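First comes the structure, then the notes that go with it.
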Amino acid sequence: MSREELPKVYAPKDFEDRIYEFWLQNRLFEPSSAAGEPFTVVIPPPNVTGVLHMGHGLNNSLQDALVRYWRMKGRPTLWVPGTDHAGIATQQVVERRLAKEGKTRHDLGREKFVELTWSVKNEHHAVISRQLRKIGASVDWSRERFTMDEGLSRAVREVFVRLYEKGLVYKGYYLVNWDPEAQTAIADDEVEYKEVNGFLYHIRYPFADGSGSVQIATTRPETLLGDSAVAVHPDDERYQGLVGKLLKLPIADREIPLIADGFVDREFGTGAVKITPAHDPNDFEAGHRHNLPQINILNPDGTLGPNVPERYRGLTTVKARKLIVEELTELGLFVAQEPHKHQVGHGYRSGAVIEPYLSEQWFVRMKPLAEKALDALHQGEIRFYPQRWEHTYVHWMETIRDWCISRQLWWGHQIPVWTCQACQHDNVKTEAPQKCEKCGSSDLVQDTDVLDTWFSSWLWPFSTLGWPDKTPDLERFYPTSALVTAYDIIFFWVARMIMAGKEFTGKAPFRDIYIHQLVRDKQGRKMSKSLGNGIDPLEIVDEFGADALKFTLVYMSAQGQDILLDKEGFRLGSKFANKVWNASRYLLMNLPDEGLLDPEQLKWTTVDRWILTRLNTAIRAVDEAMASYKFNDVGHVIYEFFWNDFCDWYIEASKRDLSSDKVDQRRQAATKLLMVLEESLRLMHPFLSFLTEEISQKLPRHAPNLVTAPFPVVDTQREDQASAHAMQVLQEIVSGVRALRSEFTIPAEKELKVSLAVNPDAPERSFLHEEESLIRFFMNAESLSWTEMGTKLPGAVKVIGTGWEAHVFVKGMVDVPKEREKLKKTIEKTRKYVQSIEAKLANSAFTANAPAEVIQAERTKREEASSTLLRLEAYLADLG
RNA sequence: GGACGAAUAGCUCAGCUGGUUAGAGCGCCUGCCUUACACGCAGGAUGUCGGGGGUUCGAAUCCCUCUUCGUCCACCA
């Protein structure tokens, strides 16, 4: 028989790349053609601009675990990879590069700039796909997509046109969130509000007729230049009779009316508020109600524009604010300023202070889309894991506002609208028209704006599969099975994908939505470049291996909490991988020269049945945990089974057999060990992919690969609770004696004489007798004899457990007074325990109300504990 | 101003739909290089489960309330 060995040291670098290449060569990540319900996942496309950080590490590790699990379960499985063009972010990267050469995008021109951006995209894309390979992502590279692919771009245009034709896309002149740095409009959810320490400035506006003044309060004095009115509450008696009078706006030297409007809060400040329709959302509304002029005082770059007095033009708002205050002070109109905390919007990407800014933009009417998306949840078409994210989703859908989708950028999907220069008609088409559909003119100019990045990402689950065409992939793999993503993009992405899915395909794009945590550093801070606290997944792969990366993340990924990580944390996975490696290496080293036995030749002992029962339990637990996306449970189950059961007890127990001089015993042991190992490797493969594959290929009679090998199946036939219990008692006895040995620092090499007593009616009694030599082996006893419970053996120290006693002959080695103290403590503890059970059983309310099995369990516990207590007390008396 | 989440061993956290003498990893202490693994083995110590009420025969687990953190949402000038 062929014998292969594993290298002595677990060195993932020596095989991970080779194994990945092996998987690719055999096209194992492409969906099988088998019948049955497919399992589909689309990757949350990372921005092409960046490199993958630990958040992606977590996201992709979880997806990989999920996908590999279902693939092994036999479902035709597809994980679609791809990247996102990330409009603003990418454009910014390229512009910063240009800035280093002292250039702007305008120096290049649109065409050249976009060309350059494509090449930058290609560089980054190469890095990202290398990273995904390194971490072992089992994605189908043959189906990789990019949001600006021709196919996806067609989907974007198709969607725009359909929405336009339905009246759900419209163009309008509105107040939008303007990012002065990126010089584009952004959507409401792309604005992050941060609390800023500012001031509340009190200013007097004199009446035009010189009859006094009205005092207002504002956080932004510079917007005074754009004021169209001052408003008070209609019922505010302080201003009775004054409404309708004109005020003289300082500095701007314009006259503006004092108006009344119910939205004014009488309690705030003086109850009078300046109205700047072009620079405040509230004022914008109020301006509409009162037909006030909208005076835009800003340039696109955020400096003051042509509509302000000469001396203010070109100033930043910060400088202008200072100057205005100075000037007002000179005029005697400045009253006071007081410290004031308020929320200031910042760009999600650029971090720049966002200005409300009037401009013509394209919008999507969201209400009708949101209704369908809410239905999807209410009909049970989608499910959130953990469920509480439903609230967030519902709240967002219910309070949704129209979505500003046009961006004044060059990188992205140019809006498919061609405006006729002759008749101003907008031709909204999926492909460039030759002539205006209205007047026939061929003088058409395409809208220069591009669409919001999310306008392509929200189509991702079906555009990647070929939509709008009815491709075989779309038919087969849509809707997808699960979406795995972090909670920070529920609004941006998840919610919108559901809207798009329902609107354009009639189906929710996925059934399960697993929302995972954010990765933070040990201080709980978001990982970021500027803080320098990020962990590069590749660094972890390099140091610990991809399996350590994935396993650690899976193990730590409990629902709810964010994951706090530092590099050292990955030792957990690394150590476990090392353990699996060494256990496997040991078994391979001990393959008998005579070869393995056939399954039908095997004789299954109680210990064997115990490990099979444990294995079975582990498989069941993994299945259950995977079904409910409890990745951390999976990690714990696997870890415990492999380390605590298989290595610590089963392999240890087998050592005796493997070193036996009886051939059959060696072959029996080796064969069974290999069988359990082989199944364990399959069980662990989704979570420790490289190493299990590498080991598996060295096994005799191994599967061609583990990627598509069948996942272990729960088999109730091999479950044997009696064996499990018997083994548990054996473990207790062994641990008890070992503890005694350790307690009195009896050297491990010192062989003990032990005499065991077991309850005569205990079902495990015969097992313990049969496995006498095993027990002896585990506790390194030179002899093991049997006696009856309660026997007093001179020269022996007793270890007392539930249903058993072990006499250890250690005369002279044990510190008797210390032993007595310890015993007293144990007795005290046991007595309290017995008392608590007795109190419970004496309580008629308990016996009347508790279920029968609970009461029975309590009775059993009482019997066992009180019997143990009696024997402990007797022993104490013996000790004198 | 709303909503949600967290508070359990020195640290990071599991403990889901109530019934265990409350767990894991790391760290710490003791003894071991036992012919797979010192990334190891054997053993050990450590918790009034944030405070206060309540429901229940029974609460870390359910309800109320308070405190402290965190996140999201919201136009209060």
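In this text the structure is predicted, and so the values were computed from the model without any measurement. To find a chain, count down the sequence lines: A is the first, B the second, and so on, and within it residues start at 1.
- Distance Glu195(A) CD to U71(B) P: 12 Å, rounded to the nearest Å.
- Between C37(B) and Lys8(A), a contact under 4.0 Å exists linking OP1 or OP2 to a side-chain N or O.
- Counting non-hydrogen atoms under 4.0 angstrom, Asn843(A) reaches the backbone sugars and phosphates but no base.
- Screening Thr276(A), Leu292(A), Leu175(A) against Asp283(A) for a side-chain contact (heavy atoms from CB on, under 4.5 Å) leaves a single residue, Thr276(A).
- Not a single donor-acceptor pair under 3.5 Å links the side chain of Asp657(A) to the backbone N or O of Ala669(A).
- In this model, the phosphate group of C41(B) is approached by a side-chain N or O of Trp643(A) to a distance below 4.0 Å at OP1 or OP2.
- Stacking of the aromatic ring of Phe846(A) onto the base of C57(B) is not found under the criterion of centres within 5.5 Å and planes under 30°.
- With hydrogens and angles ignored, a donor-acceptor pair closer than 3.5 Å exists between the side chain of Lys630(A) and the base of C16(B).
- The side chain of His636(A) contributes no N or O atom lying less than 4.0 Å from OP1 or OP2 of C13(B).
- Thr218(A) comes within 4.0 angstrom of sugar-phosphate atoms only, judged by non-hydrogen atoms across all strands, and of no base.
- Contact annotation for Glu640(A): no contact, since no heavy-atom pair falls under 4.0 Å across all strands.
- For the pair Arg831(A) (side chain) and Ile827(A) (backbone), a donor-acceptor distance under 3.5 Å is absent.
- In terms of phosphate contacts, Lys575(A) brings a side-chain nitrogen or oxygen within less than 4.0 Å of OP1 or OP2 of G40(B).
- Rounded to whole Å, the distance from CZ on Arg571(A) to P on G40(B) is 10 Å.
- Within 3.5 Å, no donor on the side chain of Glu743(A) pairs with an acceptor on the base of A42(B), nor the reverse.
- Checking G19(B), C37(B), C73(B) against the side-chain heavy atoms of Pro851(A) singles out G19(B) as nearest.
- Checked options Leu565(A), Asn632(A), Leu58(A); the residue passing with Met556(A) is Leu565(A) (criterion: side-chain contact (heavy atoms from CB on, under 4.5 Å)).
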